[in-house]
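Note sheet for the following structure.
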Amino acid sequence: SQTIHQWPATLVQPVGSPLSLECTVEGTSNPNLYWYRQAAGRGLQLLFYSVGIGQISSEVPQNLSASRPQDRQFILSSKKLLLSDSGFYLCAWRARGTYNEQFFGPGTRLTVL
Amino acid sequence: QKEVEQDPGPLSVPEGAIVSLNCTYSNSAFQYFMWYRQYSRKGPELLMYTYSSGNKEDGRFTAQVDKSSKYISLFIRDSQPSDSATYLCAMSRVQNKLVFGAGTILRVKS
C-alpha cells in the first residue's frame, strides 16, 4: 500500500530564516505531487505541483520554492521566511491514470515568529 | 464570488442523527467531486469521490451531486462522536487542479 511522509511535524522558525520541508511517498511510482498551505478557517491553497522529476509548476507567486530531486521526493523551501508564511503545509500525491483523487500526508505546522 | 462555497459551521448534532453537509459551486466545468474528512491537526483523508452527477454510497456515507443546481452533499447516517471533524468538499475538471471549500466543522455529541 502507499504511504506518504512529511517532516518535520512541527517547526518554529524566526523571520528571515531559511526553510526546508520534505515529503516522500512510498509504494507508488511516478506520482503527481502537490504542496498545499492551509490557513485557519480557509480552504487549501495549492502552492506547487509536479508531474515528474525536476518539473515544478507554481500556482501562487511568493517567496517559497519547490523541488523534486527524486521520483518520490518533494521539497518545499524558502530562503527567508516571512510572518505570513505561518500555516499548515500539506503534501499530497495522485497516481497516474486516476481522475484526480489526491491523498494527503500528515502535514507540517509552521510558526514563523 | 468564490468558486466553491461551504458553510463553516460549526454544526452540532446528537449522536445517531443524520448529518447533511453541503457545498455549492459556480464553475459548470467541474466534473469530479470529492469529500475529505480532517481531524484536528491532521492531514485530510479522502472519504468519497464521484464523477459527474448521481449518488454514491459507502457504509454510513452517501455523496450526492446535482450538477443542474451546482450543489453537492454528503450525508452521514447514525453519526458517531468519532465523526467529529472538519469536512472539506473539493472538485475539479477531470485531471485538473482541485478547488476546495473552506470546510464545515461537525460536532457529534454523545
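Per chain, numbering begins at 1; letters A, B, ... match sequence-line order.
A heavy-atom distance below 4.5 Å is found between the side chains of Q38(A) and Q38(B). Proximity of Q102(A) to L46(B): side-chain heavy atoms (C-beta onward) are nowhere separated by under 4.5 Å. Y36(A) has its side chain within reach of L98(B): a pair of non-hydrogen atoms, C-beta onward, lies under 4.5 Å apart.
The number of heavy atoms from other shown groups lying within 6.0 Å of CZ (R60(B)) is above 12. Within 6.0 Å of CZ in F103(A) there are more than 12 heavy atoms belonging to other residues, nucleotides or ligands. Heavy-atom neighbours of K67(B) NZ from other residues, nucleotides or ligands within 6.0 Å: above the threshold of 12. The neighbour count for R77(B) CZ, taken as heavy atoms of other residues, nucleotides or ligands under 6.0 Å away, is above 12.
For the residue pair Y32(B) / E101(A), a side-chain donor-acceptor distance below 3.5 Å is found, with atom types taken as modelled.
Here the closest non-hydrogen pair linking L90(A) and G43(B) is CD2-CA, 3.7 Å.
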Exercise. Please walk me through it: do M34(B) and N100(A) pass side chain to side chain contact (heavy atoms under 4.5 Å, CB included)?
Worked result: CA-CA 9 Å; M34(B) 276 170 267; N100(A) 210 355; 4.2 Å; yes
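Connection of L21(B) to Y49(B) is not established within any shared hydrophobic cluster, with ILVMFWY side chains joined at heavy-atom distances below 4.5 Å, either directly or through further cluster members. V108(B) and L88(B) are not part of a single hydrophobic cluster, where members link through side-chain heavy atoms under 4.5 Å apart.
L44(A) touches chain B through backbone and side chain together, each having a heavy atom under 4.5 Å away.
Most heavy-atom pairs under 4.5 Å with chain B, from the set F88(A), Y49(A), Y34(A): that is F88(A).
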